[in-house]
Amino acid sequence: MSSVVLTGIGELFTADPELGVLHAAALVVEGSRVAWVGPARQAPAADTGYDVAGRAVIPGFVDSHTHLVFAGDRAEEFAARMTGTPYSAGGIRTTVAATRAATDEQLAANLARLVDEMRRQGTTTVEVKSGYGLSVADEARSLGIARHVTEDTTFLGAHVVPPEYADDPGGYVDLVTGPMLAACAPHARWIDVFCERGAFDADQARAILHAGKVKGLGGRLHANQLGPGPGVQLACELGLDAVDHCTYLSDDDVTALADSGTVATLLPGVEFSTRSPYPDARRLLDAGVPVALASDCNPGSCYTSSMPLCIALAVREMGMSPAEALTAATRGGARALSRGDVGHLGLGASADLVVLDAPSYVHLAYRPGVPLARETWLRGRRAGL
Ligand code: NIG
Ligand code: FE
């Protein structure tokens, strides 16, 4: 197994609570793993050396919430929203029609384009949901395609009720929990439900998550995005790994999150792109709730793939410090996906890291909109940039 020592690291943000932030540091990669981290002057020898010339190094971002299998876009809907038309869950059906009409090759090519876009911005782990097929065949093929780019695939047949079931939502839930789940479970690690007015209620969400659990899938929820609702409480009651959006929270919701340890995944790109109030990350952190940041990249509510943008928004608009935001975008995302191997640069971690064109990680929020990811390393190898 070959090894490389990264030297000249001006600042190393490990996202490992024991190691913290190091200055004048070095890091040894052996094969695909981090084998040593510490002060540069104590660095052990390795097969090769690689000098990053004083730049900052951070863990690769863990984007724990995306919807990347789709066709088309909704630029006109976005433009209308910016002149006053409110966002609603119904727009999802536009993308469902385009996705059903696309070939497998078109869907795979669009997915590959977006994953590549993410890599270039420093994302090294990405969760990908289905949810724009909404038929047995279209959900199963969406997940089959997603499986090629990530092990963290999520079955989201319960995104909205498709038009052909508009008069029979109960029949659609039966389809999701029956034949659709049977076809999708082999391609998925997780099951998710959009628990919101206009989508699925708490009873439906409970039934769908239960059916997924029986098939061995972990549960996650979209909840409390468009208004207050029962989703966050349900996620905490069921002990889910994560509940995502969390824009409208009551005091009881915050207490339930703190008590359950369920990760609150905040998606500030959505509030930016739907011109909505941002979630109060400070309130969650002060209550001891584990927080993750993710992009929610999708063609409707938020068409950004940029984790640095999410960090900048979280710092500027949501009361997070730069360190808290970067931790949420790395270790927090990993926790939301129940992954101990990524999202930090402690010993034994996957050598997924980003060399920034900056002397400090703080620049991620301090220099919003600037492409700071100079190099992305994935499992010990520099991604072709
Ligand atoms: O996470 N909230 C539900 N689903 C997506 C939006 C999907 C869409 O508008 O196409 C979200 O925001
Ligand atoms: Fe989403």
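Counting starts at 1 for both ligands and their atoms, following the listed order.
Between Tyr303, Tyr87, Phe70, it is Tyr87 that holds the heavy atom closest to atom 6 (C) of ligand 1. Compare His159, His222, Gln225, Arg74 by their heavy atoms: the one nearest to atom 4 (N) of ligand 1 is in His159.
Listed by atom number, the atoms of ligand 1 under 4.0 Å from Tyr132 heavy atoms are 7 (C), 8 (C), 10 (O). For ligand 1 and His65, the ligand atoms under 4.0 Å from any heavy atom of the residue are 1 (O). Distances below 4.0 Å separate heavy atoms of Gly300 from the following atoms of ligand 1: 8 (C), 9 (O), 10 (O).
The only member of Arg119, Arg120, Arg113 that meets salt bridge (Lys or Arg N to Asp or Glu O under 4.0 Å) when paired with Asp116 is Arg120.
The shortest N or O to N or O distance between His245 and ligand 1 is below 3.5 Å.
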- Query: Where do Arg283 and Asp286 land on the salt bridge (charged side-chain N to carboxylate O under 4.0 Å, His left out) test, with the steps shown first?
  - Reply: CA-CA 5 Å; Arg283 180 183 178 207; Asp286 288 347; over 6 Å; no

- Start with the C-alpha distance between Asp296 and Lys129, add both sets of side-chain angles, then the distance that settles salt bridge (charged side-chain N to carboxylate O under 4.0 Å, His left out), and finish with yes or no. CA-CA 10 Å; Asp296 198 13; Lys129 300 175 199 298; over 6 Å; no

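The shortest separation from a heavy atom of Asp296 to ligand 1 is under 4.0 Å, placing the residue in contact. In this structure, Glu196 does not count as a contact residue of ligand 1, since none of its heavy atoms falls inside 4.0 Å of the ligand.
A salt bridge between Asp341 and Arg339 is present, with a side-chain N of the basic residue lying under 4.0 Å from a carboxylate O of the acidic one.
Using a cut-off of 2.8 Å, one finds that Asp192 contributes no N/O/S atom close to the Fe ion (ligand 2). At a cut-off of 2.8 Å, His65 coordinates the Fe ion (ligand 2) through an N, O or S atom.
Closest approach of Ser295 to Asp63, counting heavy atoms only: OG-OD2, 2.6 Å. Between Ala292 and Gly333, the shortest heavy-atom contact is CB-N, 3.7 Å.
The distance from atom CZ of Arg331 to atom CG of Leu345, rounded to the nearest 0.5 Å, is 10.5 Å. Interatomic distance, Trp190 CH2 to Ser64 OG, rounded to the nearest 0.5 Å: 9.5 Å.
One finds an angle of 80° at the Fe ion (ligand 2) between NE2 on His67 and OD1 on Asp296, to the nearest 10 degrees.
Protein heavy atom at the shortest distance from atom 12 (O) of ligand 1 is Ser301 OG, 2.5 Å.
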